[in-house]
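All chains are named by letter (A, B, ...) in the order of the sequence lines, taking the proteins before the strands, and each is independently numbered beginning at 1.
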2 protein chains.
Amino acid sequence: MTNSAPAGAQPAQTCCALTKIPVSAADAERLAPMFKALGDPVRLRMASLIATQPEVCVCEITPAFDLSSGTISHHLKSLRDAGLVDSERRGTFVYYWIRPEALAALSALLSVDCC
Amino acid sequence: MTNSAPAGAQPAQTCCALTKIPVSAADAERLAPMFKALGDPVRLRMASLIATQPEVCVCEITPAFDLSSGTISHHLKSLRDAGLVDSERRGTFVYYWIRPEALAALSALLSVDCC
DNA sequence: CCTCTGATTCGATATCTGTCAAGATAGACG
DNA sequence: CGTCTATCTTGACAGATATCGAATCAGAGG
């Protein structure tokens with residue numbers, strides 16, 4: 001039980017939505033899965049890799065990780081199920097892109113720019 | 001495989017650090033556990049409950065959830081291990097508070113205010 | 001000291017998760 | 001139509017996780 005802040009001292013000075021009003025159970029059910037999807041190092045990197053480009057082919061994602069293609073697919077599915085990315089097959093290849101609304105929802109909760 | 005964005009159309013217009021440069025493997029290892037900790041509805045609500053006040057007694061947290069005290073402790077430990085909160089015993093009671101640096105780290109990654 | 005209360009830890013259990021290898025699909029292209 | 005390549009799905013499995021109830025620990029106060 002470390003102690004990095006004088007317990008009685010000043011409160012969290014970082015202001016963000018999370019610190020304004022307790023997240024409701026309903027919001028928590030909706031938002032937690034997105035955090036969960038980003039809660040694995042591989043998926044966090046995948047999401048970032050996809051987010052840095054308009055769209056990314058799976059054939060570009062696969063070689064960026066030392067994992068089987070089955071595992072890559074599995075993680076991409078997690079990200080898609082969480083609503084963070086979307087995908088489309090175009091010919092032989094499948095392309096993924098980020099869903100900005102999803103990032104915005106998380107950002108709104110954590111962003112310090114809310115006040 | 002739904003299709004909510006015209007694949008070839010404009011890229012993610014929401015700008016945040018995540019979309020600038022792919023998260024490095026090292027950063028992913030450091031940040032993913034924090035997202036993971038927030039990736040459970042119970043813990044997300046707990047973190048928010050703690051973040052909305054300077055500090056919160058466990059005796060206030062416990063009745064806010066329909067869970068055994070053992071389970072509450074378990075989740076609080078997860079949040080603490082992830083570096084999101086810290087705690088201190090004061091007499092009979094234990095108090096938790098948010099670690100603003102941790103929220104700031106996540107915020108920096110997702111915030112739209114970076115450009 | 002003894003006991004009471006708040007909180008954590010422990011043991012058990014059911015479920016979930018990350019991973020791989022192998023098999024199944026979907027198009028492209030002869 | 002057959003085959004090749006890219007991707008996804010399935011089956012299996014070891015390890016993690018959420019949960020409870022019981023046991024333990026830490027102070028407070030007689």
Give the nucleotide from the list [options] with an atom nearest to the side chain of [X].
X	options	value
Phe93(A)	dT19(D), dT7(D), dG6(C)	dT7(D)
Thr92(B)	dG6(C), dT9(D), dA6(D)	dG6(C)
Tyr96(B)	dA7(C), dT8(C), dC20(D)	dT8(C)
His75(A)	dA7(C), dC8(D), dT19(C)	dT19(C)
Asp40(A)	dT7(D), dG18(C), dT8(C)	dG18(C)
Ser73(B)	dC8(D), dT9(C), dA18(D)	dT9(C)

Please answer whether the main-chain N or O of [Y] pairs with a side-chain N or O of [X] as donor and acceptor at a distance below 3.5 Å.
X	Y	value
Arg90(B)	Thr92(B)	no
Ser87(B)	Tyr96(B)	no
Ser107(A)	Leu110(B)	yes

### Task
Examine dA16(D): is either OP1 or OP2 under 4.0 Å from a nitrogen or oxygen in the side chain of Lys36(B)? Give yes or no.
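No, no such contact exists.
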
### Task
State whether Ser68(B) places a side-chain N or O below 4.0 Å from either non-bridging phosphate oxygen (OP1 or OP2) of dG21(D).
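No, because none of the side-chain N or O atoms of Ser68(B) sits under 4.0 Å from OP1 or OP2 of dG21(D).
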
Spacing between [X] atom [atom1] and [N] atom [atom2], to the nearest angstrom:
X	N	atom1	atom2	result
Phe65(A)	dC20(C)	CZ	C1'	17 Å
Arg43(A)	dT17(C)	CZ	C1'	8 Å
Glu29(A)	dA18(D)	CD	C1'	14 Å
Leu67(B)	dG6(C)	CG	P	18 Å
Asp81(B)	dT17(D)	CG	P	10 Å
Lys77(B)	dT17(D)	NZ	C1'	13 Å
Ile72(A)	dT5(D)	CD1	P	20 Å
Arg89(B)	dC25(D)	CZ	P	13 Å

### Message
Could you check whether any side-chain heavy atom of Met46(B) comes within less than 4.5 Å of a side-chain heavy atom of Ile61(B), counting everything from C-beta outward?
### Response
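They are in side-chain contact.
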
### Message
Pick the closest DNA chain C nucleotide for Gly91(A) and for Ser78(A) by heavy atoms, then say which residue is nearer the 5' end.
### Response
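Between the two, 5'-proximity favours Ser78(A).
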
### Task
Under 4.0 Å between any heavy atoms, over every strand shown, what does Gly70(A) touch: base, sugar-phosphate, or nothing? Just pick one.
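The residue Gly70(A) makes base contact.
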
#### Entry: Residue whose nearest DNA chain D nucleotide is more 5′ - His74(B) or Ser69(B)
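Comparing both residues, the 5'-ward one is His74(B).
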
### Query
Is Glu29(A) salt-bridged to Arg45(B), going by a charged N under 4.0 Å from an acidic O?
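A salt bridge is absent here (no side-chain N lies under 4.0 Å from a carboxylate O).
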
